[in-house]
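Single-structure report; data block below.
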Protein chains: 2
Amino acid sequence: MEENEISLAVIKRLPRYFRYLEELIDSGVERISSGELSRRMNVTASQIRQDLNNFGGFGQQGYGYNVKYLHSEIAKILGIDKIHSIIIVGAGNLGKALANYANFEKRGFVVKAMFDTNEALIGKECRGAVIRPMSEMEAFIKDNNIEILALTIPKGSATEVVQTAIKAGIKGIWNFAHIDLEVPDNVVVENVHLSESLMTLSYNITRLH
Amino acid sequence: MEENEISLAVIKRLPRYFRYLEELIDSGVERISSGELSRRMNVTASQIRQDLNNFGGFGQQGYGYNVKYLHSEIAKILGIDKIHSIIIVGAGNLGKALANYANFEKRGFVVKAMFDTNEALIGKECRGAVIRPMSEMEAFIKDNNIEILALTIPKGSATEVVQTAIKAGIKGIWNFAHIDLEVPDNVVVENVHLSESLMTLSYNITRLH
DNA sequence: TAGATTGTTAATCGATTAACAATC
DNA sequence: TAGATTGTTAATCGATTAACAATC
């Protein structure tokens, strides 16, 4: 609700804190200081305290942070204390991989349906999510209050699908297509450009060797 | 070869320049100024010129940049003017999606084999890459001069696989496992943490709505 | 030559780190 | 109370933007 004053750099670090806190919970650690966490995560203690204090004071002087409490607070900040409904557009290999990704459901991301243009795939199921024809997408988003669209189709048809989804009220797009999507201010795009990631790896290998 | 003085921020932007230049080539544009490119890409012209000048002067005063030349120079910088051999460890949905990803081959990334612990998968093929037992991985890396290991297995077994691959001389790891890998200085890790990406999306949706 | 646009230096802005008073 | 550690302000560092001289 409040204006977005918190930098992207901070937000991108939150999931990593979350992951480490989860591991701490699993290994039975009850409290942790920013100093100890900084050693484990290879970041400065200062950064951890600064990052967390963007959202409030979750620690206690002389004690540190309660692991379970901090974990649940970060979950709230990230919005993963709530259920999010997803549709996957593109039932190719990547779309199927996402649909079958058990971990997402654990985090409250539920795949409600998949969509594809390939007639041969219509009606098949992927971990409980039925593959439907593209023509049904717009109504499905409206009727089922879908928040997130995972886009795993080639860039050629991406723009049109996105326009339709926006009209239907989608809130966020998880974009795997190799294209920069143009969306209005009230729609969020998170890009996963795999080929760009691989190029970065290639660069680093090349420089180092 | 030279010391790594160029910031990660710059490097992460190179593939995006590359993508835009490719589109310009496809649409027959021969030259472009930093100003025009900045309008298309939604970044400042200053940043484009600063970024490129980290690697040399590719432009010409009063003219701008030759699109094809700049494209090929960035390819060289990224190291994608050379062939890179990859193995994929983990022949699950995500591993298969990567193997079937035609675009990679276009960029010179060739999948030489896949590896999995599941006996039932051994011997099957995925776009020309045979699925082999994990026990053969170490020798395969050595014998075939494999540079890159794409890691798509659960985090539990990731550390052991990575140790073995490093022993065999792997240069880079494209890591899809939810774990921070510890590697020596001469090995590069590029992380793709899908669940963290999805959490960032969740955060942004939550803040905006 | 005049106009355009780069390469590069200087100025600004933002993010990270250091320091320490507050306080459990 | 003494020790530990946070929350927060100040200092530093790095990245982005602006400006402009060089030059095609």
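In what follows, every chain begins at residue 1, and chains take the letters A, B, ... in the order their sequences are listed. Bear in mind that the values here come from a model prediction, so they are computed numbers and not experimental data.
Minimum interatomic distance between Ser38(A) and Val43(A) (heavy atoms only, all atoms of both residues): CB-O, 2.9 Å. In this structure, Phe115(A) and Glu136(A) approach most closely via the heavy-atom pair CE2-C, 3.9 Å. Residue His84(A) comes nearest to Gly79(A) through the heavy atom pair NE2-O, 2.6 Å, listed as atom of the first residue, atom of the second, then distance.
If you take CG of Leu52(B) and P of dT5(C), they are 16 Å apart, rounded to a whole angstrom. In this structure, the CZ atom of Phe55(B) is 16 Å from the C1' atom of dT8(C), given to the nearest Å. We find that NZ of Lys12(A) is positioned 18 Å from C1' of dG14(C), with the value rounded to whole Å. The OH atom of Tyr63(A) sits 11 Å away from the P atom of dT5(D) (whole-angstrom rounding). Going from atom CD1 of Ile48(B) over to atom C1' of dT5(C) covers 13 Å, rounded to whole Å. Atom CD in Gln47(B) sits about 15 Å away from atom C1' in dT12(C), given to the nearest Å. A straight line from CG of Asp51(A) to C1' of dG7(D) spans 13 Å, rounded to a whole angstrom.
The residue from Val162(A), Ile173(A), Leu181(A) that alone fulfils the side chain to side chain contact (heavy atoms under 4.5 Å, CB included) condition with Val187(A) is Ile173(A). Across His193(A), Met199(A), His178(A), a single residue satisfies side chain to side chain contact (heavy atoms under 4.5 Å, CB included) together with Pro15(B), and that is Met199(A).
For residues 65-77 of chain B, proximity to DNA chain C is found at Tyr65(B), defined as any non-hydrogen atom under 4.0 angstrom from a strand atom. For DNA chain C, the neighbouring residues in residues 13-36 of chain B, judged by any heavy atom under 4.0 Å, are Ser33(B), Ser34(B).
The main-chain N or O of Leu94(B) is never found under 3.5 Å from a side-chain atom of Thr152(B) such that the two would form a donor-acceptor pair.
Under the rule for a ring pair (Phe, Tyr, Trp, His ring centres under 6.0 Å), Phe55(B) has no partner lying at least two apart in sequence or in another chain.
Checking Gln60(A) against Gly57(B), the closest nucleotide of DNA chain C that is more toward the 5' end is the one next to Gly57(B).
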Between the protein and nucleotides 19-22 of chain C, which nitrogen or oxygen pairs are less than 3.5 angstrom apart?
{"residue": "dA19(C)", "atom": "N6", "partner": "Arg49(A)", "partner atom": "NH2", "Å": "3.1"}

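Sequence neighbours left out, the pairs with a member in residues 60-73 of chain A that pass side-chain hydrogen bond (donor to acceptor under 3.5 Å, both in side chains) are Glu73(A)-Lys76(A).
With salt bridges taken as basic N to acidic carboxylate O contacts below 4.0 Å, one links Arg39(A) and Glu36(A).
Classified by interplanar angle (parallel below 30°, tilted 30° to 60°, perpendicular above 60°), the ring pair Phe104(B)/Trp174(B) is perpendicular.
A stem is defined here as three or more consecutive Watson-Crick or G-U pairs, each with both distances under 3.5 Å; for DNA chain C these stems are C:3-24 with D:3-24.
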(message) Could you go through Tyr20(B) and Asp180(A), starting from their C-alpha distance and side-chain angles, then the distance that decides it, and tell me whether this counts as side-chain hydrogen bond (donor to acceptor under 3.5 Å, both in side chains)?
(response) CA-CA 10 Å; Tyr20(B) 272 82; Asp180(A) 295 323; 2.6 Å; yes
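On a pure distance criterion of 3.5 Å, a polar donor-acceptor pair joins the side chain of Gln50(A) and the base of dT17(C).
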